Number of protein chains: 2
Amino acid sequence: MTPVPAYHHGNLRSTLLAAAERSLRQHGAGQLSLRELARDAGVSHAAPRRHFADRQALLDALAEAGFARLHAELRAALAAAGADFAPRLHAMAAAYLRFATEDAALLELMFTGKHREGAEHLVAAAAGPFGLMHDLIAQGQAQGVLEPGPPDRAGIVLFATLQGIATLVNGNLVAPDLLDGITRTAVDQFIRGSRRP
Amino acid sequence: MTPVPAYHHGNLRSTLLAAAERSLRQHGAGQLSLRELARDAGVSHAAPRRHFADRQALLDALAEAGFARLHAELRAALAAAGADFAPRLHAMAAAYLRFATEDAALLELMFTGKHREGAEHLVAAAAGPFGLMHDLIAQGQAQGVLEPGPPDRAGIVLFATLQGIATLVNGNLVAPDLLDGITRTAVDQFIRGSRRP
DNA sequence: CGTGAATGTTGTCATGGGAAACAATGTATA
DNA sequence: TATACATTGTTTCCCATGACAACATTCACG
């Protein structure tokens, strides 16, 4: 018996999100079409509207999921690293840049101010990865490697540097094979620039 | 006599680019519509095609013009600064971030890998600002403030940091009133991180 | 002049987002 | 269980846009 296609798809929302993530990786956010996603899911072109009020809502959901995944990957990288500050920082930076360069379009969605007015979701979702960075800096200070002070400012600068490296590489302004070296340089410079005198 | 509208607009290309830059600033690249630009210019909806093969060509032209303007503004900032390295670096960073936060959408167009396959134009245009950064680093080394070495790597890290700060601010992940302080912190940390031992 | 290259215009098509009205299905509850 | 309501998906329609082709006007230059 070919199973009669159920009227209710069952998990359209997650199916759409998964397909969207694929399309995003392959063709970028600009090319992402709700109708095409609907076709792929074998569903009418208006069905997605039950789950995403409009195109932007879908993109916002993608960005939010992206932050969650980024958070998880950073946590995993930290867990795999040892207890010392410097290796942990290097591990985190490498993990961040792997994510950022493998999912360039997603990263762009997550960061470039494409969000809606009420983008508290996104800001809240971003707080996860930001928090990891913050905690790591605090650990560096506790271990006496970094100079004391509010970890926020230094953390933002570090985060910005990693984010910027990703942008330059993703924009083809820096050759991808330089990525690892530059990342290491950036982290080392960061440590040197804010280490305890 | 109401002047009969001339059949030939005369300078449609620059008119379109100017209008596009305005629209970009107000509504972002996604909302930019060739037909709307044509309407604004008082010209038929197909006229822009004579000057830009397609939408992407218009966006590429905008990005290229953006690099030229960025280059000019950085040069102006450097010219206004003194001869000492640190103030020059601070001036350049401030100028970069002013440009980057006032024209967020343009910056995104310039950097995020939205270019065509053959994007040599863009890479070449980007070389201008990159070169300034490079020269500035070299000057810092010559003045004995920075440790010697190939200026490229350090320059890329610095550029990335500024670019990343802009992304975070433009994405509302960092409050705009923190911008100046963070920029200063970033530059100071950079100098401390790569100064002569 | 007059001819060809630039530059604009009108008309058309396919694609896509969005909205409304309707249909099928699931669920709670009297 | 039967009926009311909520969820989810379908159909049908409208409109904006990008892209393209065929045609018109103007300009520059011999």
Side-chain angles (χ1 to χ4, degrees), chain A residues 1-63 105 109 114-118, chain B residues 1-63 105 109 114-118:
Chain A
M1 309 285 167
T2 58
V4 171
Y7 187 93
H8 280 64
H9 181 284
N11 52 351
L12 223 205
R13 186 189 156 93
S14 38
T15 300
L16 290 173
L17 278 177
E21 207 173 323
R22 241 177 301 131
S23 171
L24 188 63
R25 222 186 311 262
Q26 293 185 347
H27 314 289
Q31 304 301 317
L32 198 151
S33 146
L34 291 180
R35 284 168 118 101
E36 185 180 349
L37 294 181
R39 279 193 295 269
D40 289 356
V43 110
S44 86
H45 65 80
R49 285 180 61 81
R50 293 290 169 197
H51 303 276
F52 304 100
D54 57 14
R55 206 183 104 100
Q56 187 59 43
L58 190 263
L59 296 180
D60 286 355
L62 275 178
L109 260 192
K114 282 191 173 5
H115 336 314
R116 271 234 163 59
E117 291 303 317
Chain B
M1 310 284 164
T2 58
V4 170
Y7 188 94
H8 279 64
H9 180 285
N11 52 351
L12 223 206
R13 186 188 156 94
S14 38
T15 300
L16 289 173
L17 278 177
E21 208 172 323
R22 239 177 304 132
S23 170
L24 188 63
R25 221 187 311 262
Q26 293 186 346
H27 313 291
Q31 304 301 317
L32 197 150
S33 146
L34 291 180
R35 285 171 113 103
E36 186 181 349
L37 294 181
R39 278 192 295 270
D40 289 356
V43 108
S44 86
H45 63 81
R49 273 179 67 75
R50 292 292 165 196
H51 303 276
F52 303 100
D54 58 13
R55 206 183 106 98
Q56 187 59 43
L58 189 263
L59 295 180
D60 286 354
L62 276 178
L109 215 51
K114 282 192 171 10
H115 336 313
R116 272 235 163 56
E117 293 302 320

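Note that the structure is a prediction, hence the values are computed from the model and not measured.
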Rounded to whole Å, how long is the line connecting atom [atom1] of [X] with atom [atom2] of [N]?
| X | N | atom1 | atom2 | answer |
| --- | --- | --- | --- | --- |
| Arg55(A) | dT15(C) | CZ | P | 17 Å |
| His45(A) | dT11(D) | NE2 | P | 9 Å |
| Leu58(A) | dG17(C) | CG | C1' | 12 Å |
| Gln31(A) | dT15(C) | CD | C1' | 12 Å |

Sequence neighbours excluded, every pair satisfying side-chain hydrogen bond (donor to acceptor under 3.5 Å, both in side chains) that has a member inside residues 45-54 of chain A: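 Passing the test, one end in residues 45-54 of chain A: Asp54(A)-Arg116(A).
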Pairs meeting criterion side-chain hydrogen bond (donor to acceptor under 3.5 Å, both in side chains) with involvement of residues 12-24 of chain B, two or more places apart: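 Every pair satisfying side-chain hydrogen bond (donor to acceptor under 3.5 Å, both in side chains) with a residue in residues 12-24 of chain B: Glu21(B)-Arg69(B).
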Nucleic acid contacts - residues 33-42 of chain B versus DNA chain D, non-hydrogen atoms under 4.0 Å: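 Listed by number, they are Ser33(B), Leu34(B), Arg35(B), Arg39(B).
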Members of residues 46-54 of chain B that approach DNA chain C, where some heavy atom sits under 4.0 Å away: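 The answer is Ala46(B), Ala47(B), Arg50(B), His51(B).
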Contact residues, residues 11-21 of chain B to DNA chain C [heavy atom, < 4.0 Å]: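 Nucleic-acid contacts, sorted: Leu12(B).
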Reported CG-to-CZ distance for the pair Asp40(B) and Arg35(B), which is rounded to 0.5 angstrom: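 These two atoms lie 14.0 Å from each other.
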Between CG on residue Leu59(A) and CZ on residue Arg55(A), distance to nearest 0.5 Å: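 If I round to the nearest 0.5 Å, the distance is 5.0 Å.
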Side chain to side chain contact (heavy atoms under 4.5 Å, CB included) involving Ser44(B) - partner list, sequence neighbours excluded: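 Ala46(B), Ala47(B).
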Heavy-atom side-chain contact between Val43(A) and Leu16(A) under 4.5 Å: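 They are not in side-chain contact.
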Heavy-atom side-chain proximity of Leu24(B) to Gln31(B) below 4.5 angstrom: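 Counting from C-beta outward, Leu24(B) and Gln31(B) never come under 4.5 Å.
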Sugar-phosphate, base or nothing in reach of Leu32(B), heavy atoms under 4.0 Å: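 The residue Leu32(B) makes sugar-phosphate contact but no base contact.
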side-chain contact (heavy atoms from CB on, under 4.5 Å) between Leu17(B) and Phe52(B), worked out: CA-CA 10 Å; Leu17(B) 278 177; Phe52(B) 303 100; 3.8 Å; yes
Step-by-step side-chain contact (heavy atoms from CB on, under 4.5 Å) determination, Leu37(A) to Leu58(A): CA-CA 11 Å; Leu37(A) 294 181; Leu58(A) 190 263; 4.1 Å; yes
Over all atoms of both residues, closest heavy-atom pair of Leu32(A) and Ala20(A):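 Answer, listing the atom of Leu32(A) first, then Ala20(A): CD1-O, 3.8 Å.
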Heavy-atom pair with the smallest gap, counting every atom of Pro48(B) and Ala38(B):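 The pair with the smallest heavy-atom distance is CG-CB, 3.9 Å.
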